[in-house]
2 protein chains.
Amino acid sequence: MIEAASNPVTTVMRALADPTRRAVFERVFESKEITVAELTRGSGVTQGAISQHLKSLKQAGLVAERAEGRNVYYRAAPQGLEPLVTWMDHYGVFWRERFQNLRDLLKEIDP
Amino acid sequence: MIEAASNPVTTVMRALADPTRRAVFERVFESKEITVAELTRGSGVTQGAISQHLKSLKQAGLVAERAEGRNVYYRAAPQGLEPLVTWMDHYGVFWRERFQNLRDLLKEIDP
DNA sequence: CTAATATATTAGTATTAGCTAATTGAATGG
DNA sequence: CCATTCAATTAGCTAATACTAATATATTAG
């Protein structure tokens, strides 16, 4: 029962398990587009560290980038979360725990 | 912007980021109840390692245990996944991507 | 052209994580 | 009892991780 080589779930989980890196993802997500310099500001770590975190997030499919001049703009790629959604869905937590939300939503959709 | 002390999301993500430990969780989930000995069998690691993983999972709120004689029976606690659900929900991935499932589900609930 | 800015990368370091082997403490079966 | 089994814990090893400081490479500003 030895695990196969690093599957997507592992890659994404590991990328998001580190609080600093997860905070980077969150900031990227909240701003439509953001540069490395901006992300570095107020992050508490160096620019190099931020670049390293962005590299991990990119490999995990959680962010994408666009170079423009000497700036590189990063944006979130929430589809990168899909492996987690699928994994958790398999364990049946969503519909079970979200049933109340579901009901609320139903009223809004089809009152 | 220094992160506060280990929040639940970090705890759960880290618990599930390791493939071996995640496999343990999966096996615990699949069997209603399972002993450490059974989990060790075919896991590829020693009993000590399994106990250590179970400790992490327990701290993350993902499993619970019941001692009976010299055996300890573990069971999954899927509510422990709640921090992840909440975190991901905040990033809006569920309803967007699961709308078709939602429609299917609706028919079953209220045909 | 030169200086400054933005980002990536690299080498080195300290900490953490996962593992084994060995031990301990219970509980059970002969 | 005594030997065996189950599980938790511990010490010690190794590998991975997150970080900094320094450097390299572009690009832009003056």
Side-chain angles (χ1 to χ4, degrees), chain A residues 1-7 9-28 31 33-60 62-75, chain B residues 1-7 9-28 31 33-60 62-75:
Chain A
M1 300 264 164
I2 299 101
E3 261 295 313
S6 210
N7 71 32
V9 179
T10 305
T11 309
V12 176
M13 287 269 194
R14 283 213 286 191
L16 295 171
D18 179 71
T20 308
R21 191 160 46 235
R22 196 170 62 249
V24 169
F25 173 76
E26 290 169 1
R27 277 184 76 189
V28 171
S31 45
E33 276 198 328
I34 188 166
T35 65
V36 179
E38 275 184 276
L39 281 170
T40 303
R41 221 169 300 148
S43 71
V45 296
T46 62
Q47 176 267 313
I50 294 293
S51 275
Q52 288 165 19
H53 284 310
L54 287 168
K55 189 177 182 180
S56 293
L57 291 170
K58 186 177 153 190
Q59 279 168 183
L62 291 165
V63 300
E65 95 264 55
R66 171 181 72 85
E68 184 180 308
R70 58 186 169 188
N71 299 310
V72 178
Y73 292 88
Y74 281 86
R75 60 184 176 284
Chain B
M1 297 263 162
I2 300 100
E3 260 295 313
S6 212
N7 72 31
V9 179
T10 304
T11 309
V12 176
M13 286 269 194
R14 283 214 286 189
L16 296 172
D18 180 70
T20 308
R21 190 160 47 233
R22 196 170 62 249
V24 169
F25 173 76
E26 289 168 2
R27 277 185 77 189
V28 171
S31 45
E33 276 197 329
I34 189 166
T35 65
V36 179
E38 273 183 278
L39 281 170
T40 302
R41 220 168 302 148
S43 70
V45 296
T46 62
Q47 175 267 314
I50 294 293
S51 275
Q52 288 164 19
H53 284 310
L54 287 168
K55 189 175 182 181
S56 293
L57 291 170
K58 187 176 153 191
Q59 279 168 184
L62 291 165
V63 301
E65 95 266 52
R66 171 181 72 86
E68 183 180 311
R70 57 188 169 185
N71 299 310
V72 178
Y73 292 89
Y74 280 86
R75 61 184 176 283

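The chains referred to below are lettered A, B, ... by the order of the sequence lines, with proteins before strands, and numbering in each begins at 1.
Qualifying side chain to side chain contact (heavy atoms under 4.5 Å, CB included) partners for A:A37, counting only residues two or more places apart in sequence or in other chains: A:T35, A:R41. Every residue two or more places apart in sequence or in another chain was checked for a side chain to side chain donor-acceptor pair (under 3.5 Å) with B:R14, and none qualifies. For B:E65, the side chain to side chain donor-acceptor pair (under 3.5 Å) criterion is met by B:K58, not counting sequence neighbours.
We find that CG of A:L16 is positioned 12 Å from P of D:dA18, with the value rounded to whole Å. As rounded to whole Å, 10 Å separates atom P of D:dA7 from atom CD1 of B:I34. For B:K58 and D:dA8, the NZ to P distance is 8 Å, given to the nearest whole Å. Counting to the nearest Å, the P atom of D:dT17 and the CD atom of A:Q59 are 11 Å from each other. Note: CZ (B:R14) to P (D:dA16) measures 18 Å, nearest angstrom.
Identified under the salt bridge (Lys or Arg N to Asp or Glu O under 4.0 Å) test for residues 43-55 of chain B, with sequence neighbours left out: none. The salt bridge (Lys or Arg N to Asp or Glu O under 4.0 Å) analysis of residues 43-54 of chain B, with sequence neighbours excluded, yields no pairs.
Between D:dC19 and A:H53, a contact under 4.0 Å exists linking OP1 or OP2 to a side-chain N or O. Taking side-chain N and O atoms only, B:T46 has no distance below 4.0 Å to OP1 or OP2 of C:dC19.
Distance check, rounded to the nearest 0.5 Å: CZ of A:R27 to CD1 of A:I50 gives 7.5 Å.
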Short heteroatom pairs, N/O only, protein and nucleotides 3-12 of chain C, under 3.5 Å:
{"from": "C:dT5", "atom 1": "O2", "to": "A:R70", "atom 2": "NH1", "distance (Å)": "3.3"}
{"from": "C:dA6", "atom 1": "O3'", "to": "A:R70", "atom 2": "O", "distance (Å)": "3.3"}
{"from": "C:dA6", "atom 1": "O3'", "to": "A:N71", "atom 2": "OD1", "distance (Å)": "3.1"}
{"from": "C:dT7", "atom 1": "OP1", "to": "A:V36", "atom 2": "N", "distance (Å)": "3.4"}
{"from": "C:dT7", "atom 1": "OP1", "to": "A:V72", "atom 2": "N", "distance (Å)": "3.1"}
{"from": "C:dT7", "atom 1": "OP2", "to": "A:A37", "atom 2": "N", "distance (Å)": "2.6"}
{"from": "C:dA8", "atom 1": "OP1", "to": "A:Y74", "atom 2": "OH", "distance (Å)": "2.8"}
{"from": "C:dA8", "atom 1": "OP2", "to": "A:S51", "atom 2": "OG", "distance (Å)": "2.7"}
{"from": "C:dA8", "atom 1": "N7", "to": "A:Q47", "atom 2": "OE1", "distance (Å)": "3.4"}
{"from": "C:dA8", "atom 1": "N7", "to": "A:Q47", "atom 2": "NE2", "distance (Å)": "2.9"}
{"from": "C:dA8", "atom 1": "N6", "to": "A:Q47", "atom 2": "OE1", "distance (Å)": "3.2"}
{"from": "C:dT10", "atom 1": "O4", "to": "A:Q52", "atom 2": "NE2", "distance (Å)": "3.1"}

